[in-house]
Amino acid sequence: MRYTKCKCGCENFEIKFGKIECKNCGKWANPFSAIYRKLVKPNGRHYFWVVLTPHFIERLEERLPEVDVEDFIKQCYAIEKACTIDKSQGTKYNGKHIYWKFKFNHRRKRLELELISLTPDHIFQCKYHPKVEFVEVKFDDK
């Protein structure tokens with residue numbers, strides 16, 4: 001099942017009038033939208049946003065079902081340390097390749113780590129990002 005969580009923190013939804021509504025606050029939810037999470041760096045002052053695209057969420061649930069989305073978001077601190085701005089990059093994670101792009105979103109005026117895709121171990125390429133740079137990332141083993 002697709003990971004959805006309301007902004008109020010509730011994970012319980014019901015279908016009303018053909019739309020998905022949060023049981024707690026009553027807001028409408030779109031299950032095909034990206035997930036945005038704000039991560040504050042350990043110094044407490046700087047932050048960046050993690051954007052999980054619908055394609056990435058689908059591939060994560062399909063190819064790594066044992067990985068929880070919230071636990072993976074915590075691993076994005078390690079990715080952010082190793083990445084450079086405005087380059088499509090990728091690394092190995094649990095026997096697969098994950099791809100991202102770290103960029104400044106001018107419309108929202110913030111830094112975003114956009115997680116693009118996840119492929120099997122023997123493939124290292126993205127369809128819409130032809131120049132992917134391999135980066136070695138040291139993930140926390142917890």
Side-chain angles (χ1 to χ4, degrees), residues 1-15 18-142:
M1 185 174 146
R2 181 156 161 43
Y3 175 83
T4 54
K5 191 172 185 179
C6 185
K7 290 184 180 180
C8 70
C10 180
E11 294 180 1
N12 296 326
F13 295 94
E14 62 182 4
I15 297 176
K19 294 186 178 181
I20 300 172
E21 182 181 9
C22 176
K23 286 186 177 180
N24 189 24
C25 65
K27 290 187 178 180
W28 300 108
N30 182 1
F32 304 108
S33 63
I35 295 175
Y36 298 91
R37 291 285 187 274
K38 182 178 181 179
L39 294 182
V40 180
K41 292 184 182 180
N43 65 10
R45 297 184 320 173
H46 298 95
Y47 61 91
F48 64 97
W49 287 80
V50 176
V51 180
L52 285 91
T53 60
H55 175 78
F56 182 81
I57 296 167
E58 182 182 323
R59 295 295 184 262
L60 185 67
E61 290 175 351
E62 175 185 311
R63 295 180 177 155
L64 291 173
E66 68 276 0
V67 176
D68 184 38
V69 175
E70 291 298 326
D71 291 336
F72 181 76
I73 290 174
K74 291 175 186 173
Q75 296 292 328
C76 290
Y77 286 113
I79 294 173
E80 190 270 335
K81 288 180 185 177
C83 63
T84 57
I85 291 181
D86 288 336
K87 285 192 176 182
S88 298
Q89 297 175 321
T91 192
K92 282 193 177 229
Y93 180 75
N94 284 357
K96 309 286 185 207
H97 285 114
I98 56 171
Y99 306 96
W100 68 84
K101 187 167 187 177
F102 191 63
K103 62 183 179 179
F104 184 78
N105 188 332
H106 293 283
R107 190 178 56 139
R108 293 186 173 145
K109 296 177 178 51
R110 64 187 188 189
L111 284 172
E112 291 182 348
L113 178 66
E114 181 181 357
L115 297 165
I116 300 169
S117 185
L118 189 133
T119 60
D121 188 28
H122 63 279
I123 298 172
F124 189 74
Q125 64 184 16
C126 283
K127 184 175 183 179
Y128 297 108
H129 300 273
K131 296 181 181 177
V132 178
E133 175 186 334
F134 184 80
V135 178
E136 192 68 38
V137 177
K138 296 181 181 178
F139 291 103
D140 300 332
D141 295 327
K142 292 182 181 180

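In this text, all values refer to a predicted model and were calculated from it rather than measured experimentally.
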CZ of F56 to CG of L115, rounded to nearest 0.5 Å, is 4.5 Å
Check this for me, if you would: do K92 and E136 make a salt bridge, where the nitrogen-to-carboxylate-oxygen distance has to be below 4.0 angstrom? no
Please lay out, stage by stage, how K101 and E112 fare under the test salt bridge (Lys or Arg N to Asp or Glu O under 4.0 Å). CA-CA 8 Å; K101 187 167 187 177; E112 291 182 348; over 6 Å; no
Which heavy atom of A34 sits nearest a heavy atom of T53, and at what distance? CB-CA, 4.3 Å
Polar side chain donor-acceptor pair, S117 to H55, under 3.5 angstrom: yes
When you check the gap from the basic side-chain N to the acidic O, do K87 and E133 get nearer than 4.0 Å? yes
How close do P120 and R63 get, heavy atom to heavy atom, and via which atoms? CD-NH1, 3.9 Å
Where I15 and I20 come nearest, the two heavy atoms and their spacing: CG1-CG1, 4.3 Å
Check ring-ring contact (aromatic ring centres under 6.0 Å, His included) between Y93 and all other residues, then give those that pass, not counting sequence neighbours. F72, F139
Once rounded to the nearest 0.5 Å, what's the spacing between atom CD of Q89 and atom SG of C126? 12.0 Å
Would a 4.5 Å heavy-atom cut-off, applied to side chains only, mark L111 and I85 as touching? yes
Would you check if L52 and V69 make a side-chain contact, meaning some heavy-atom pair closer than 4.5 Å? yes
Tell me, yes or no, whether the heavy-atom count around R45 atom CZ, taken from other residues, nucleotides or ligands under 6.0 Å, exceeds 12. no
Six-ring centre of Y47, R110 cation under 6.0 angstrom, axis tolerance 45°: no
To the nearest 0.5 Å, what is the distance between SG (C83) and NZ (K103)? 13.0 Å
Can you check whether Q75 reaches D71 side chain to side chain, under 4.5 Å on heavy atoms? no
Less than 4.5 Å apart, side chain to side chain, heavy atoms only: is that true for L118 and L64? yes
Let me confirm one number: the CZ-CG distance from F13 to N24, rounded to the nearest 0.5 Å. 10.0 Å
Would you check if F48 and F104 make a side-chain contact, meaning some heavy-atom pair closer than 4.5 Å? no
Please check this pair: side chain of H46 against backbone of V40, looking for a donor-acceptor N/O pair closer than 3.5 Å. no
What heavy-atom pair brings T91 and V137 nearest, and what distance separates the two atoms? OG1-N, 3.7 Å
Side-chain contact, heavy-atom cut-off 4.5 Å: C22 with N12? no
Shortest non-hydrogen contact between L39 and C76, atoms and distance: CD1-CB, 3.9 Å
Kindly compute the distance separating CG (D121) from CG (N94), expressed to the nearest 0.5 Å. 11.0 Å
Salt bridge check, K41 against E80: does any charged N sit closer than 4.0 Å to a carboxylate O? yes
Classify the ring geometry between F124 and Y99 as parallel (under 30°), tilted (30 to 60°) or perpendicular (over 60°). tilted
Taking salt bridge (charged side-chain N to carboxylate O under 4.0 Å, His left out) as the test, write out the residues that go with K96, two or more places apart. none
For the residue pair Q125 and T119, what are the closest heavy atoms and their distance? O-CG2, 4.0 Å
Do I79 and W100 touch side chain to side chain, with heavy atoms closer than 4.5 Å? yes
Is K27 paired with E21 through a side-chain N to carboxylate O contact shorter than 4.0 Å? no
